[in-house]
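The structure under discussion appears below in the form of structure tokens.
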Amino acid sequence: DLVNVEEEGQILQERPAWVATEVPDAASIWSPELVYFEGLYHLYYAVSTLGSSRSCIGHATAQVLAVSSTWQDRGPVICSKANDEYNAIDPNVLVTTDGRAWLAFGSYLGGIRVAELSATGERLLSEPVTVAARPNAGGALQASALAEHGGYYYLFVSFGAEASHRLMMGRATAIEGPYVDKSGTPLLEGGGSPLVAADTRFRGPGSNDIFEIDGKSYNIYHAYDAERNGA
């Protein structure tokens with residue numbers, strides 16, 4: 001019903017073995033993205049430490065969407081090192097109407113990037129393309145989301161961090177861009193049209209995703225509730 005949520009349990013009971021090598025200081029797995037294509041449920045997740053770009057996006061699959069399913073961890077899709085210009089976190093996947101799957105990811109540093117995935121959900125070998133950045137604002141953008149609608153591809157990003165989050169957007173005729181906002185400013189140059197900003201109660205709206213359900217589009221995001229101590 002898009003309102004009531006029940007906790008079903010934890011999919012990955014422990015860190016996959018590869019994490020100890022790729023991101024040895026990682027304490028948790030977070031920023032999950034779940035999508036169905038080619039007969040499997042694909043779970044993408046971020047493994048990192050706060051403030052570090054030594055990060056990876058992991059990948060697991062299952063035939064049935066349930067905690068009790070046998071989830072097969074397929075290892076990292078993409079990793080970034082401490083000196084890289086991008087950060088491999090905050091995965092978001094869009095399966096386009098032509099059946100191709102695309103991964104959007106990134107945060108701060110070199111901005112948001114897009115990479116095509118294979119039919120089995122791994123990253124193809126082509127170099128990811130940068131589609132959004134804030135070169136004059138300390139790079140403060142993260143948590144991207146892709147959507148396809150009305151002949152356009154839409155890119156949503158969160159400007160700022162935590163309580164200063166606000167949702168911004170742009171669109172393009174090709175999924176790899178260039179994306180521009182309503183005024184025509186490229187998202188690569190810090191552009192973005194406002195979608196949702198803070199009000200007196202809900203602060204820092206961000207980290208959204210778009211769902212198409214029964215012919216309607218829903219924008220689902222989080223915010224801090226000022227009437228409930230920031231819950």
Side-chain angles (χ1 to χ4, degrees), residues 10-38 40-62 70-96 100-135 138-146 155-158 161-162 175-177 179 187-188 206-209:
Q10 188 166 320
I11 289 177
L12 301 178
Q13 300 299 321
E14 57 187 27
R15 294 191 314 172
W18 59 265
V19 172
T21 300
E22 298 292 345
V23 195
D25 296 329
S28 63
I29 295 172
W30 45 283
S31 195
E33 168 74 341
L34 188 65
V35 62
Y36 181 82
F37 61 92
E38 296 293 334
L40 289 173
Y41 290 94
H42 297 260
L43 172 69
Y44 297 89
Y45 56 87
V47 181
S48 186
T49 55
L50 187 64
S52 169
S53 59
R54 186 174 182 181
S55 313
C56 290
I57 292 172
H59 177 213
T61 58
T70 300
W71 287 84
Q72 178 185 357
D73 192 82
R74 295 175 175 266
V77 175
I78 187 169
C79 293
S80 53
K81 301 182 292 295
N83 58 348
D84 282 340
E85 294 182 353
Y86 64 92
N87 198 0
I89 62 172
D90 291 349
N92 181 270
V93 174
L94 174 67
V95 180
T96 54
R100 298 165 73 181
W102 299 83
L103 170 70
F105 68 95
S107 176
Y108 288 72
L109 301 174
I112 305 300
R113 299 192 177 198
V114 169
E116 188 171 4
L117 301 175
S118 70
T120 54
E122 283 76 32
R123 182 173 67 92
L124 296 178
L125 295 180
S126 56
E127 186 69 18
V129 175
T130 304
V131 290
R134 298 187 72 196
L141 82 167
Q142 56 188 319
S144 58
L146 290 168
L155 176 65
F156 302 87
V157 295
S158 297
E162 297 181 350
I175 195 164
E176 293 181 298
Y179 289 86
L187 266 61
L188 279 171
S207 297
N208 76 314
D209 207 350

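Nothing fancy with the numbering, it's 1 onward along the sequence.
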Determine all donor-acceptor pairs shorter than 3.5 Å in which one atom belongs to a side chain in residues 104-118; sequence neighbours excluded.
| unit_1 | atom_1 | unit_2 | atom_2 | d |
| --- | --- | --- | --- | --- |
| R113 | NE | T130 | OG1 | 3.2 |
| E116 | OE1 | R100 | NH2 | 2.9 |
| E116 | OE2 | R100 | NE | 2.8 |
| E116 | OE2 | R100 | NH2 | 3.3 |
| S118 | OG | T120 | N | 3.3 |
| S118 | OG | T120 | OG1 | 3.0 |
| S118 | OG | G121 | N | 3.4 |
| S118 | OG | E122 | N | 3.2 |
| S118 | OG | E122 | O | 3.3 |

Give the table of side-chain donor-acceptor pairs shorter than 3.5 Å for residues 18-28, with sequence neighbours excluded, one pair per line with atom names and distance.
| unit_1 | atom_1 | unit_2 | atom_2 | d |
| --- | --- | --- | --- | --- |
| W18 | NE1 | D73 | OD2 | 2.8 |

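Side-chain contact between V157 and Y179: absent, with no pair of heavy atoms (C-beta onward) separated by less than 4.5 Å. Taking the side chain as every heavy atom from C-beta outward, D209 and E33 approach each other to under 4.5 Å.
Taken to the nearest 0.5 Å, the CG atom of N92 stands 10.5 Å off from the OG atom of S207. In this structure, I89 CD1 and Q142 CD are separated by 6.5 Å, a value rounded to the nearest 0.5 Å. A distance of 6.0 Å separates CZ in R74 from CG in L40, rounded to the nearest 0.5 Å.
Identified under the salt bridge (Lys or Arg N to Asp or Glu O under 4.0 Å) test for residues 80-92, with sequence neighbours left out: K81-D84. Applying the salt bridge (Lys or Arg N to Asp or Glu O under 4.0 Å) test to residues at least two apart or on different chains, none of the pairs has a partner in residues 41-50.
Taking T96 as the reference, D98 meet the side chain to side chain donor-acceptor pair (under 3.5 Å) condition, with sequence neighbours excluded. Take S53 and apply the side chain to side chain donor-acceptor pair (under 3.5 Å) test, not counting sequence neighbours, and it matches no residue. Under the side chain to side chain donor-acceptor pair (under 3.5 Å) criterion, R123 pairs with no residue, sequence neighbours left out. By the side-chain contact (heavy atoms from CB on, under 4.5 Å) test, V35 is found to be paired with F37, H42, Y44, V93, V95, residues two or more places apart in sequence or in another chain being considered.
Side-chain N or O atoms of S80 include one that pairs as donor or acceptor with a backbone N or O of A88 at under 3.5 Å. R54 places no side-chain N or O within 3.5 Å of a backbone atom of A82 that could act as its donor or acceptor partner.
Among the candidates L12, I11, L43, the single residue satisfying the side chain to side chain contact (heavy atoms under 4.5 Å, CB included) test with P32 is L43.
Shown here for A132 and L155, the closest heavy-atom pair between the two residues is CB-CD2, 3.9 Å. Nearest heavy atom pair, residue L103 against residue P91, reads CD1-CB, 3.7 Å. Residues S52 and S55 share a closest heavy-atom pair of O-OG, 3.4 Å.
No more than 12 heavy atoms of other residues, nucleotides or ligands lie within 6.0 Å of CD in E14, so this atom counts as exposed by the packing criterion.
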